[in-house]
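Below: one structure, written as structure tokens.
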Amino acid sequence: MGRLNLILVWSLSLTLSLYNLHPTSAQLSPNHYANVCPNLESIVRQAVTNKFQQTFVTVPATLRLFFHDCFVQGCDASVLVASNGNNQAEKDHPDNLSLAGDGFDTVIKAKAAVDAVPQCRNKVSCADILALATRDVIVLSGGPSYKVELGRFDGLVSRASDVNGRLPQPTFNLNQLNSLFAANGLTQTDMIALSGAHTLGFSHCSKFANRIYNFNGQTPVDPTLNKQYATQLQQMCPRNVDPRIAIDMDPTTARKFDNVYYQNLQQGKGLFTSDQILFTDQRSRNTVNSFASNSNVFNSNFIAAITKLGRVGVKTARNGKIRTDCSVL
């Protein structure tokens, strides 16, 4: 028996050490703050609603912020950190310069509201506040509600260099999208569902100018682009357009979280190459058609995918902390 017990103890300690080396979603639970800050969700929801009533940009800005955070060093609020003299933080990487300030402000406002409650002060991570705010903006724009898993700690580093090669580019093909999402434990179906977030938000003309002016030597306009839509884009984005001009990602229902994004793809109205490829490539077309024809199927797949996204690279007390100021490590 002694030898068996020794083996069991060794096996258990090995399992625990592996768990600590590779933090997983095992620590996450929707009830994580039930005793610590029981009204957390309503506090955050009210703060997010107040911000939403000031500007609709709150919705796409917060949703995109969550995605950009999770794909670089995991969902640890490292994207919220400000650069200082010694360190260029993630938010100042070229791929993150277009993150709208209203997303950052949403988290700052929600954090302040949480910390205004003495019981909750400095007990809730910025990473969890961002995860909750993301769910809340989806609901505010007509999308589905879902339980948010909580218990993340905030990251201890934020480096612009870590962003290199970690975020999908508007020119990506299906293989490039799939490999990047797979690196974060997400399937092709997850990737297509999360791409549906492009039912909201906007893009600057430079991100898709190649599709309407200089696609290749033979064809200036991308042939997968709806001709009428291409003409509209050229009118909204003339060659020497003001770089601040932004175009809705979803030309049909730009302020509603819905499955119209997929219906647009069926009509050749995906704004980015990385959007339209989901319909053009036979390997992903069936999923696009499924989401386009049934909003319930899209919603359930989106909830599954964003829940999985929220588990990426979760930090624990061993390799994270609760930041008192989300912008300072």
- Query: Side chain of Gln27, backbone of Gly151: donor and acceptor closer than 3.5 Å?
  - Reply: yes
- Query: Is there a path of hydrophobic side-chain contacts, each under 4.5 Å between heavy atoms of I, L, V, M, F, W or Y residues, that connects Val260 with Met249?
  - Reply: no
- Item | Pairs where residues 96-138 contributes a residue and the test ring pair (Phe, Tyr, Trp, His ring centres under 6.0 Å) is met, not counting sequence neighbours | none
- Query: Going through the distances and angles, do Gln169 and Asp95 end up as a side-chain contact (heavy atoms from CB on, under 4.5 Å)?
  - Reply: CA-CA 9 Å; Gln169 301 300 312; Asp95 285 356; 3.1 Å; yes
- Query: Gly185 and Asp190: which non-hydrogen atoms are nearest, and at how many Å?
  - Reply: O-OD2, 4.5 Å
- Task: Treating Ile, Leu, Val, Met, Phe, Trp and Tyr as nodes and any side-chain heavy-atom pair under 4.5 angstrom as an edge, say whether Ile303 and Val59 lie in one connected cluster.
- Result: yes
- Task: Determine yes or no for a side-chain-to-main-chain donor-acceptor pair under 3.5 angstrom, with Thr199 supplying the side chain and Asn259 the backbone.
- Result: no
- Task: Scan residues 175-231 for pairs that pass ring pair (Phe, Tyr, Trp, His ring centres under 6.0 Å), counting only residues two or more places apart or in two chains.
- Result: Phe67-Phe181, Phe71-Phe181, His198-Phe272
- Message: Just to verify, what does Ser195 make a side chain to side chain contact (heavy atoms under 4.5 Å, CB included) with, not counting sequence neighbours?
- Response: Met191, Tyr261, Leu278
- Message: Are Asp258 and Asp250 packed together at the side-chain level, in the sense that at least one heavy-atom pair is separated by less than 4.5 angstrom?
- Response: yes
- Report yes or no: does Arg152 contribute a side-chain atom to a donor-acceptor pair with the main-chain N or O of Gly74 at less than 3.5 Å? no
- Query: Is it the case that one hydrophobic cluster holds both Tyr146 and Val48, taking links as side-chain heavy atoms less than 4.5 Å apart, direct or via other members?
  - Reply: yes
- Query: Is a side-chain N or O of Asn184 found less than 3.5 angstrom from the main chain of Leu186, in a donor-acceptor match?
  - Reply: no
- Do any N or O atoms from the side chain of Ser158 and from the backbone of Glu90 form a donor-acceptor pair under 3.5 angstrom? yes
- 4.5 Å side-chain heavy-atom contact, Phe291 and Val297: yes
- Could you walk me through whether Leu233 and Leu271 pass the side-chain contact (heavy atoms from CB on, under 4.5 Å) check? CA-CA 9 Å; Leu233 291 175; Leu271 190 59; 3.7 Å; yes
- Where the side chain of Thr58 meets the backbone of Thr55, is there a donor-acceptor pair that is under 3.5 Å apart? yes
- Task: Please examine the side chains of Ser145 and Arg135, heavy atoms only from C-beta on, and report whether any two atoms are closer than 4.5 Å.
- Result: yes
- When you look at Lys308 and Thr187, which way does the side-chain contact (heavy atoms from CB on, under 4.5 Å) test go after all the steps? CA-CA 10 Å; Lys308 281 172 71 175; Thr187 66; 3.9 Å; yes
- Message: What's the separation between atom CG in Asp325 and atom CG in Asn122, rounded to the nearest 0.5 Å?
- Response: 10.0 Å
- Task: State the CG-CG distance between Asn84 and Leu329, to the nearest 0.5 angstrom.
- Result: 8.0 Å
- Value for OG1 (Thr280) from CG (Asn173), rounded to nearest 0.5 Å, stands at 11.5 Å
- Is the closest side-chain donor-acceptor distance between Ser78 and Arg159 under 3.5 Å? no
- Here the disulfide bond (SG atoms under 2.5 Å apart) pairs for residues 240-274, sequence neighbours left out, are none
- Scan side-chain atoms only and decide if Thr252 and Asn264 contain a donor-acceptor pair under the 3.5 Å cut-off. yes
- Taking everything shown except Asp242 itself, do over 12 heavy atoms lie less than 6.0 Å from its CG? yes
- Item | Note, Val124 side chain near Ile129 side chain (heavy atom, < 4.5 Å) | yes
- Item | Asp102 side, atom CG; Thr62 side, atom OG1 - distance, nearest 0.5 Å | 8.0 Å
- Task: For the pair Leu28 and Leu150, evaluate side-chain contact (heavy atoms from CB on, under 4.5 Å) and give the outcome as yes or no after the intermediate values.
- Result: CA-CA 5 Å; Leu28 300 182; Leu150 301 166; 5.9 Å; no
- Message: So which atom in Ala230 and which in Val221 form the shortest heavy-atom distance, rounded to 0.1 Å?
- Response: CB-CG1, 3.8 Å
- Note on the structure: One should read off an interatomic distance between Ile245 CD1 and Cys205 SG, to the nearest 0.5 angstrom, of 7.0 Å
- Item | pair Phe52-Asp136: side-chain heavy atoms closer than 4.5 Å | no
- Message: Testing Lys227, Lys269, Arg211 one by one against Asp222 for a salt bridge (Lys or Arg N to Asp or Glu O under 4.0 Å), which residue passes?
- Response: Arg211
- Taking Ser293 for the side chain and Ser290 for the main chain, is one N or O donor matched with an acceptor at less than 3.5 Å? yes
- Query: Linking I/L/V/M/F/W/Y whenever their side-chain heavy atoms sit closer than 4.5 Å, directly or via other members, would Ile108 and Val137 fall into one cluster?
  - Reply: no
- Note on the structure: Paired with Leu130, the side chain to side chain contact (heavy atoms under 4.5 Å, CB included) test is passed by just one of Asp128, Leu132, Thr134, namely Thr134
- Does some side-chain heavy atom of Arg323 sit less than 4.5 Å from a side-chain heavy atom of Lys111? no
- Message: Checking the side chain of Thr287 only, and the main-chain atoms of Thr189 only, is there a donor and an acceptor separated by less than 3.5 Å?
- Response: no
- Just by distance, do the side chain of Lys91 and the backbone of Ser327 share a donor-acceptor pair under 3.5 Å? no
- Message: Using only atom types and a distance under 3.5 Å, with no angle test, would you say the side chain of Tyr262 pairs donor to acceptor with the backbone of Ile192?
- Response: yes
- Taking all atoms of both residues into account, what is the closest heavy-atom pair of Ala113 and Ala47, and its distance? CB-CB, 4.1 Å
- Using side chain to side chain contact (heavy atoms under 4.5 Å, CB included) as the criterion, list what pairs up with Gln54, not counting sequence neighbours. Lys51
- Query: Do the side chains of Gln276 and Leu265 get nearer than 4.5 Å, heavy atoms only?
  - Reply: yes
- Shared hydrophobic cluster, Ile138 / Val44 (ILVMFWY, side-chain heavy atoms < 4.5 Å): yes
- Query: Residues two or more places apart in sequence or in another chain: which of them pass side chain to side chain contact (heavy atoms under 4.5 Å, CB included) with Asn299?
  - Reply: Pro144, Phe257
- Closest heavy-atom pair and its distance - Cys126, Ala77: CB-CB, 3.7 Å
- Task: Kindly determine whether His93 and Asp162 satisfy side-chain hydrogen bond (donor to acceptor under 3.5 Å, both in side chains), including the steps that lead there.
- Result: CA-CA 9 Å; His93 186 278; Asp162 289 336; over 6 Å; no
- Item | Distance-only side-chain donor-acceptor flag, Asn39 / Ser42, under 3.5 Å | no
- Message: What I'd like to find out is whether the side chain of Ser274 reaches to under 4.5 Å of the side chain of Leu177, using heavy atoms alone.
- Response: yes
